[in-house]
Protein chains: 2
Amino acid sequence: MDNDNKTMAHSNMQNAIVSIASEVFAKFGFKKTTVDDIAQALRKGKSSIYYYFKSKEDIFKAVVEKEADALREKINVILNSDLTTIDKVRAYVNTRMQAIQVMANYYTLVSERDVNNLDLIEKLRSKYDTEEVSIIKALLTEGVEQKVFQVKDIELSSVVLLTAMKGLEVPLFLEHWRTESLDTILNDMLNMLFYGIVIRNS
Amino acid sequence: MDNDNKTMAHSNMQNAIVSIASEVFAKFGFKKTTVDDIAQALRKGKSSIYYYFKSKEDIFKAVVEKEADALREKINVILNSDLTTIDKVRAYVNTRMQAIQVMANYYTLVSERDVNNLDLIEKLRSKYDTEEVSIIKALLTEGVEQKVFQVKDIELSSVVLLTAMKGLEVPLFLEHWRTESLDTILNDMLNMLFYGIVIRNS
DNA sequence: TTTTAGACCATTTAATGATTTTAGTCGAAA
DNA sequence: TTTCGACTAAAATCATTAAATGGTCTAAAA
């Protein structure tokens, strides 16, 4: 078997592990899932898993990264589209609010708040928050460049918007506090963002 | 001692307990503070405390309520002032963002997230969140009535604003992530809220 | 009559040692 | 190159015992 096929087979096995691990982690959570659980689900020995991954933590990171990729793909379609910047922001927020479902394993780890995993939680949180702030900054910058937006402090505004979205995850997704469709709610919020609440006389 | 003086004396002792308890809770947190700690700080026996309060939880609630009163007093000055509605909102947000310092015991309890106290946390959170939403609704309603604001869904907007403020408590107060003054940061955010980010051509 | 506090109870928490489980490694076999 | 059984060290769990704590009772003091 030449080198490329060997690497391909290696990758295939890694992908298989990540897929199965994703399901096992989803079922039991990070803490309660053992590497032996994952191995058994793959019908292999535990040390086989360690041939492909350095540690349990690395497997979990790969799982979360795969889920993040699914979200990134959707978001990149929006960023690269011909939509107006305003519509891009709308589409982005709508898609981003699916994060809690698409990146279920990451959110579960964060909410577990297990003191033994705070380091892992902080690593992941930092990585994905930084990424999100970059996306929002890019959108705000595009809007400013096209003279559609006026934003005094893009860095601050990006963080504020991300913080607001994250804060709303709980009432919108975990508590189901409103009966209107998510689209309606997000639309109202975005209109507040775009046009403000102060009435300006023409 | 007639009845009024008796009641007065009773209240005085309750106030003394709340004051001292506030300090002890602030020092050790709810969980680590024992009723005996509070009693010793007052140079009394533990069962004396139970003569004035039904439970440790009731003492803590009284402590938090006292702190909340300090914040309410400041906010009521704003609500009852002759300021324009826009300036009232500005002043309210500035004052409200002091909550994390003025209501320190409440915030400490919430961040402890002790599973044995989730019930108490939820009771207090519900109480004070409901109160805050009412204040924001009143301000938005006043603005709409004076035709200064245009808000499609006052209930939703109030909750969104409160959620955003709460979400920003961490970066602004606990992580000191920005070097500008708090006033500057809050001002920028409020301008986003009032006027939006979309440039509207006259 | 009101206030106080020591003694007490039931429950919770902490400490401890023993046992089990788990992450990760090694080396031989396939 | 890949797999896995055996193994190790550390971590986690369990059962038991002791200590601590929230709260109560009742008698004494103010």
Side-chain angles (χ1 to χ4, degrees), chain A residues 1-18 20-21 24-25 27-63 109 112-120 123, chain B residues 1-18 20-21 24-25 27-63 109 112-120 123:
Chain A
M1 183 189 282
D2 65 4
N3 217 44
D4 280 354
N5 279 357
K6 244 175 355 192
T7 310
M8 177 74 75
H10 195 92
S11 286
N12 281 353
M13 179 52 75
Q14 281 185 317
N15 288 338
I17 293 172
V18 169
I20 295 291
V24 185
F25 280 129
K27 185 169 180 177
F28 302 117
F30 179 80
K31 179 179 182 129
K32 277 294 182 185
T33 296
T34 69
V35 178
D36 213 12
D37 287 337
I38 297 170
Q40 282 174 17
L42 283 147
R43 300 210 196 308
K44 290 193 178 294
K46 183 172 60 171
S47 48
S48 299
I49 310 299
Y50 284 98
Y51 181 73
Y52 295 97
F53 286 93
K54 184 173 180 302
S55 63
K56 179 185 178 186
E57 180 170 306
D58 274 1
I59 301 169
F60 189 78
K61 283 175 172 172
V63 163
L109 175 75
E112 267 177 15
R113 282 179 172 262
D114 183 349
V115 299
N116 296 305
N117 301 321
L118 290 181
D119 194 53
L120 173 59
K123 272 185 216 162
Chain B
M1 183 190 281
D2 65 4
N3 217 43
D4 279 354
N5 278 357
K6 245 175 351 189
T7 308
M8 177 76 76
H10 193 92
S11 283
N12 281 351
M13 179 53 75
Q14 281 183 317
N15 287 338
I17 292 172
V18 169
I20 295 292
V24 186
F25 279 129
K27 185 170 179 177
F28 301 119
F30 180 80
K31 177 177 183 133
K32 279 295 184 183
T33 296
T34 69
V35 179
D36 214 12
D37 286 338
I38 297 170
Q40 281 173 19
L42 282 148
R43 303 212 194 302
K44 291 189 180 293
K46 182 172 66 172
S47 49
S48 299
I49 309 301
Y50 283 99
Y51 182 74
Y52 294 98
F53 285 92
K54 183 173 179 303
S55 65
K56 179 186 178 185
E57 180 170 305
D58 274 3
I59 301 167
F60 189 77
K61 282 175 172 172
V63 163
L109 175 75
E112 267 177 16
R113 280 178 172 264
D114 184 350
V115 299
N116 297 305
N117 300 321
L118 291 181
D119 194 53
L120 172 60
K123 273 185 217 161

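Within every chain, numbering begins at 1; the chains are lettered A, B, ... in the order of the sequence lines, protein sequences first and strands thereafter.
- Across the interface with DNA chain C, nearest-nucleotide mapping of K32(A) and K31(B) shows K31(B) to be the residue nearer the 5′ end.
- Toward the 5′ end of DNA chain D lies the nearest nucleotide of G45(A), the other residue of the pair G45(A) and F30(B) mapping further downstream.
- Atom CD of E57(A) and atom C1' of dG24(C) are 14 Å apart (whole Å).
- With rounding to the nearest 0.5 Å, the separation of CD1 in I59(A) from OH in Y52(A) is 12.5 Å.
- Between the side chain of S47(A) and the base of dG24(C) there is no donor-acceptor pair of N/O atoms closer than 3.5 Å.
- The residue T34(B) sits close only to the backbone: its heavy atoms come under 4.0 Å of sugar-phosphate atoms, none of a base.
- The CG atom of D114(A) lies 10.0 Å from the CG atom of L120(A); values are rounded to the nearest 0.5 Å.
- Using a 4.0 Å heavy-atom distance criterion, K46(A) is classed as a base contact.
- Close to dC4(D), at under 4.0 Å from its OP1 or OP2, lies a side-chain N or O of S48(A).
- Note that the CZ atom of F30(A) and the CD atom of E57(A) stand 6.0 Å from one another [nearest 0.5 Å].
- Atoms NE2 (H10(B)) and C1' (dA30(D)) sit 17 Å apart, rounded to a whole Å.
- Taking atom CD1 of I49(A) as the reference point, atom C1' of dG5(D) lies 15 Å away to the nearest angstrom.
- At whole-Å resolution of the value, NZ in K56(A) and P in dT25(C) are 15 Å apart.
- Taking 4.0 angstrom as the limit, Y52(A) places a side-chain polar atom (N or O) nearer than this to OP1 or OP2 of dT3(D).
- If you take CG of D114(B) and P of dT13(C), they are 8 Å apart, rounded to a whole angstrom.
- When the P atom of dG5(D) is taken as reference, atom CG of D36(A) falls 10 Å away, rounded to whole Å.
- Here CD1 of I49(B) is found 13.0 Å from NZ of K56(B). Values are rounded to the nearest 0.5 Å.
- One interatomic measurement links the two molecules: OH of Y51(A) to P of dT2(D), which rounds to 3 Å at whole-angstrom precision.
- In this entry the distance linking NZ of K44(B) with P of dG23(D) reads 20 Å, nearest Å.
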